[in-house]
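Single-structure report; data block below.
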Amino acid sequence: MDLRARLARSVALPAPPGLLTGDDGDLGSSPVSAAVLVPVVARAEPGLLLTQRTANLRTHAGQIAFPGGRMDPGEDAVAAALREAREEIGLAPATVDVLGALDPYRTVTDFIVTPVLALVPPGLELTAHDREVADIFEVPLEFVTDLGNHILRDMEWQGRTRRYWEIPWGGRRIWGATAAMIVNLSRRLAHAPVAAS
């Protein structure tokens, strides 16, 4: 089964057991809808495209994230993810092969984020938005979706112990909602194994 078929199958399958639905915390009653693009670079050894946010942002400064943000009025998750990816990293929507929406994730900052899984070709010239994105980089898809590389940690935050996922790679720390969405993708891929040819 080729990469596209396997990823598309992982989206189409019923939700496997153990998917993460959101951060624990004191969530409000009116969450904000948001979407992120989960771009898989279609090469012999596929990569997952991520960004590092700039240090001067009001929220999530310096964190590793997928390109994305809140949905504008009238937008669905796909439209919002493609718009944000164009704005944040200069990814042209025409180069994106959208495979479908993954499982929504509710953050402790009260966003409901819908990840949109997509394939993009290798060798694209991307441009980081100077006020929002400090770096654009790729991590090996096989590494970050290996369940053995996912670490569950605890931290004290606002007087409570909170649990979160972390995936260390190449001196970088992928954690929080981004790591949780990768954990969910990994669990879906584990239920969409490569078919024998």
Side-chain angles (χ1 to χ4, degrees), residues 6-40 48-51 53 57 59-61 63-73 75-85 88 98-118 139 141-169 172-193:
R6 185 172 181 222
L7 291 173
R9 184 166 180 254
S10 75
V11 174
L13 285 173
L19 288 182
L20 309 173
T21 58
D23 298 330
D24 62 339
D26 303 318
L27 301 175
S29 58
S30 301
V32 177
S33 295
V36 296
L37 192 69
V38 181
V40 175
L48 191 61
L49 203 59
L50 291 162
T51 69
R53 295 166 63 86
L57 292 173
T59 58
H60 311 297
Q63 289 186 11
I64 291 171
F66 293 114
R70 68 179 64 217
M71 293 185 203
D72 283 346
E75 278 187 325
D76 63 11
V78 171
L82 291 174
R83 175 182 54 76
E84 288 282 347
E88 290 184 12
V98 173
L99 302 175
L102 294 168
D103 310 281
Y105 188 85
R106 188 163 181 170
T107 71
V108 74
T109 50
D110 221 15
F111 284 82
I112 292 187
V113 183
T114 301
V116 176
L117 185 62
V139 297
L141 183 67
E142 184 177 353
F143 180 89
V144 294
T145 58
D146 181 336
L147 299 172
N149 293 325
H150 303 164
I151 303 166
L152 188 58
R153 297 200 185 278
D154 294 326
M155 70 181 290
E156 290 296 319
W157 189 71
Q158 294 186 348
R160 290 183 55 186
T161 300
R162 299 185 187 276
R163 306 192 89 190
Y164 65 94
W165 288 95
E166 181 177 323
I167 308 169
W169 179 83
R172 297 183 190 260
R173 180 175 176 246
I174 306 165
W175 69 287
T178 300
M181 288 183 265
I182 294 172
V183 168
N184 279 349
L185 173 60
S186 306
R187 291 176 181 180
R188 281 191 165 276
L189 286 171
H191 285 77

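Predicted model, so just to flag it, every value in this text is computed and none were measured.
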Ignoring hydrogens, what is the shortest heavy-atom contact between [X] and [Y]? Give both atom names and the distance.
X    : Y    : result
H150 : V183 : ND1-CG2, 3.6 Å
I174 : V139 : CD1-CG1, 4.4 Å
P115 : D103 : CD-O, 3.3 Å
A35  : M71  : CB-CE, 4.3 Å
T145 : S186 : CA-OG, 3.0 Å
F66  : E88  : O-OE1, 4.4 Å

Quick check: do [X] and [Y] have side-chain heavy atoms less than 4.5 Å from each other?
X    : Y    : result
V113 : M181 : yes
H191 : P17  : yes
D72  : R83  : yes
D110 : V32  : no
N149 : V144 : no
L189 : L7   : yes

From [X] atom [atom1] to [Y] atom [atom2], the distance as rounded to the nearest 0.5 Å:
X    : Y    : atom1 : atom2 : answer
R153 : W165 : CZ    : CH2   : 11.0 Å
L13  : R187 : CG    : CZ    : 15.5 Å
R172 : I167 : CZ    : CD1   : 14.0 Å
I151 : R173 : CD1   : CZ    : 10.0 Å
L48  : L141 : CG    : CG    : 6.0 Å

#### Entry: Pair T21-Y105, side chain to side chain contact (heavy atoms under 4.5 Å, CB included): steps then yes or no
CA-CA 5 Å; T21 58; Y105 188 85; 5.9 Å; no
### Message
Can you confirm whether R70 is buried at CZ, in the sense that more than 12 heavy atoms of other residues, nucleotides or ligands lie under 6.0 Å from that atom?
### Response
no
### Task
Please answer whether the main-chain N or O of A65 pairs with a side-chain N or O of T51 as donor and acceptor at a distance below 3.5 Å.
yes
### Query
Do NZ/NE/NH1/NH2 and the carboxylate oxygens of D154 and R162 come within less than 4.0 Å?
no
### Message
As a quick check of understanding, evaluate side chain to side chain contact (heavy atoms under 4.5 Å, CB included) for L117 and S10, giving each step before the final call.
### Response
CA-CA 10 Å; L117 185 62; S10 75; 4.2 Å; yes
#### Entry: From CA spacing to verdict: side chain to side chain contact (heavy atoms under 4.5 Å, CB included), T178, L50
CA-CA 9 Å; T178 300; L50 291 162; 4.0 Å; yes
### Residues which pass side-chain contact (heavy atoms from CB on, under 4.5 Å) with V78, listed by chain and number, not counting sequence neighbours
D76, L82, V98, V116
### Task
Return the set of residues passing side-chain contact (heavy atoms from CB on, under 4.5 Å) with I112 (not counting sequence neighbours), or none when no residue passes.
P31, P104, R106
### Message
Applying side chain to side chain contact (heavy atoms under 4.5 Å, CB included) to L152 and R163, what does each step give before you reach the verdict?
### Response
CA-CA 7 Å; L152 188 58; R163 306 192 89 190; 3.5 Å; yes
